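It should be emphasised that the depicted structure is a prediction, and the values quoted were computed from it without experimental measurement. Position 1 is the first residue of the sequence, and the numbers go up from there.
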Amino acid sequence: MGAPSARHGPAADDRCRQERLKIEALLKETPMNPKPFTSGLSEHAVKITRVADRQWHALDDDLVVGRGYAAHRPDGRLFVSIDAWHDTAFDRLAEAMLPELPAPLYTVVDEADVELTDRWRRAGFTIRRREWEYAVPTDPRVTGLAEVPPPPGVTIVPAGQADEGLLREVDRAIRDEIEATTGWWQSMPAEVLPRPEDDTIVDPSKYAVAAAPDRYLGLIRVVTVIRPRIGLIAVRAAEQRRGIARALLAHALERLHHSGFTEAWTEVHESNQAASALIESIGARSVSSNLELVR
């Protein structure tokens with residue numbers, strides 16, 4: 001309000017897909033066998049080849065049976081991913097990759113994917129944080145947000161109409177406030193899209209804001225890749241508990257509803273009880289959870 005697998009929730013699938021776009025565009029990859037083998041792989045038959053910087057293939061008789069790669073997120077942390085049908089290929093890739101990469105290393109898994117989680121644990125990873133994924137209805141008759149005006153003296157500026165300078169100022173102010181307390185990267189949803197260094201506003205047109213006459217008080221970011229994702233909703237500390245976040249949410253969901261979307265989705269860190277309470281109060285339902293692992 002955070003490593004690919006064959007079994008993911010919708011948010012995890014979209015997020016992992018976004019993380020891989022940059023790397024896959026640079027690679028002319030050898031196709032991996034699309035079907036799992038009916039028999040196990042021989043540990044000694046699997047060979048690991050480094051095909052590019054921070055990218056590896058697992059080969060069995062010249063057939064690609066697994067891939068591994070590592071990439072930095074905007075916060076500078078290094079995330080790793082391994083795609084492999086069999087434990088043998090996964091383990092051999094992990095054995096080759098992890099010693100070559102600087103610690104700490106991170107990865108993200110769907111908590112329901114017990115098999116994949118066990119593989120990463122076997123490689124020395126432990127749970128660092130959990131994010132709940134929610135499906136959020138957009139229909140105001142369901143959310144109860146049909147008549148939710150902003151507080152007096154506050155107006156909602158639709159996405160694409162915000163002043164970029166004021167938008168960047170409120171984004172920076174809110175990030176600094178959170179960083180000084182719980183820590184932005186420890187408590188806020190993961191951000192995975194590549195961006196220029198120190199530029200936290202990737203696309204200003206995706207933000208609606210709550211505006212006072214002289215400055216912005218809060219913001220909401222909604223991005224639609226496959227389905228609408230509420231990636232961020234935040235309000236200055238001194239302006240909280242005035243109904244601003246609820247008004248921003250009402251505005252964004254109404255716009256999505258008019259555009260034909262029945263649901264959006266979002267993630268909430270498990271420690272953010274206020275965000276969970278807000279989302280659940282409008283009928284959002286928890287559909288899955290992601291684990292961020294660290295080694």
Answer with yes or no whether the hydrophobic clustering places Ile230 together with Val142; edges join I, L, V, M, F, W, Y residues whose side-chain heavy atoms lie under 4.5 Å apart.
no
Counterpart residues, salt bridge (charged side-chain N to carboxylate O under 4.0 Å, His left out), relative to Arg242 (two or more places apart):
Glu239
Qualifying residues under side chain to side chain donor-acceptor pair (under 3.5 Å), relative to Arg141, sequence neighbours excluded
Asp139
Answer yes or no: is there a donor N or O on one side and an acceptor on the other, between the side chain of Ser288 and the main chain of Glu133, under 3.5 Å?
no
Which residues share a ring pair (Phe, Tyr, Trp, His ring centres under 6.0 Å) with Phe90, sequence neighbours left out:
Trp120
For Tyr106, enumerate each residue passing the ring pair (Phe, Tyr, Trp, His ring centres under 6.0 Å) test, keeping only those at least two apart in sequence or located in another chain.
Phe79
Could you please spell out the steps behind the side-chain hydrogen bond (donor to acceptor under 3.5 Å, both in side chains) verdict for Arg168 and Thr200?
CA-CA 8 Å; Arg168 292 184 181 279; Thr200 57; 5.7 Å; no
Tell me every residue that passes side chain to side chain donor-acceptor pair (under 3.5 Å) with Glu169, counting only those two or more places apart in sequence or in another chain.
Arg236
So does Thr88 get a backbone contact from the side chain of His86, meaning a donor-acceptor N/O pair under 3.5 Å?
no
For Arg255, what residues pass the side chain to side chain donor-acceptor pair (under 3.5 Å) criterion, not counting sequence neighbours?
none
Can you name the residues that form a side chain to side chain contact (heavy atoms under 4.5 Å, CB included) with Thr143, not counting sequence neighbours?
Pro137, Pro140, Leu145, Leu253, Ile282
Checking Glu254 now: which residues fulfil side chain to side chain donor-acceptor pair (under 3.5 Å) with it, not counting sequence neighbours?
none
Check this for me: does any side-chain nitrogen of one of Arg175 and Glu177 sit under 4.0 Å from a carboxylate oxygen of the other?
no
Spell out, as yes or no, whether a donor-acceptor pair under 3.5 Å connects the side chain of Arg229 to the backbone of Ala264.
no
Under the ring pair (Phe, Tyr, Trp, His ring centres under 6.0 Å) test, residues paired with Tyr134 that sit two or more places apart:
none
Taking only residues two or more places apart in sequence, or in another chain, which ones meet Asp61 in a salt bridge (charged side-chain N to carboxylate O under 4.0 Å, His left out)?
none
Residues passing the side chain to side chain contact (heavy atoms under 4.5 Å, CB included) test with Thr155, sequence neighbours excluded, are Ala211
Hey, are Glu111 and Asn290 close enough side-chain-wise for a donor-acceptor pair under 3.5 Å?
no
I'd like to know if the side chain of Arg54 pairs up with that of His72 as donor and acceptor (distance under 3.5 Å, no hydrogens or angles considered).
yes
Suppose we screen for salt bridge (charged side-chain N to carboxylate O under 4.0 Å, His left out). Which residues come up paired with Glu100, at least two apart in sequence or across chains?
Arg50
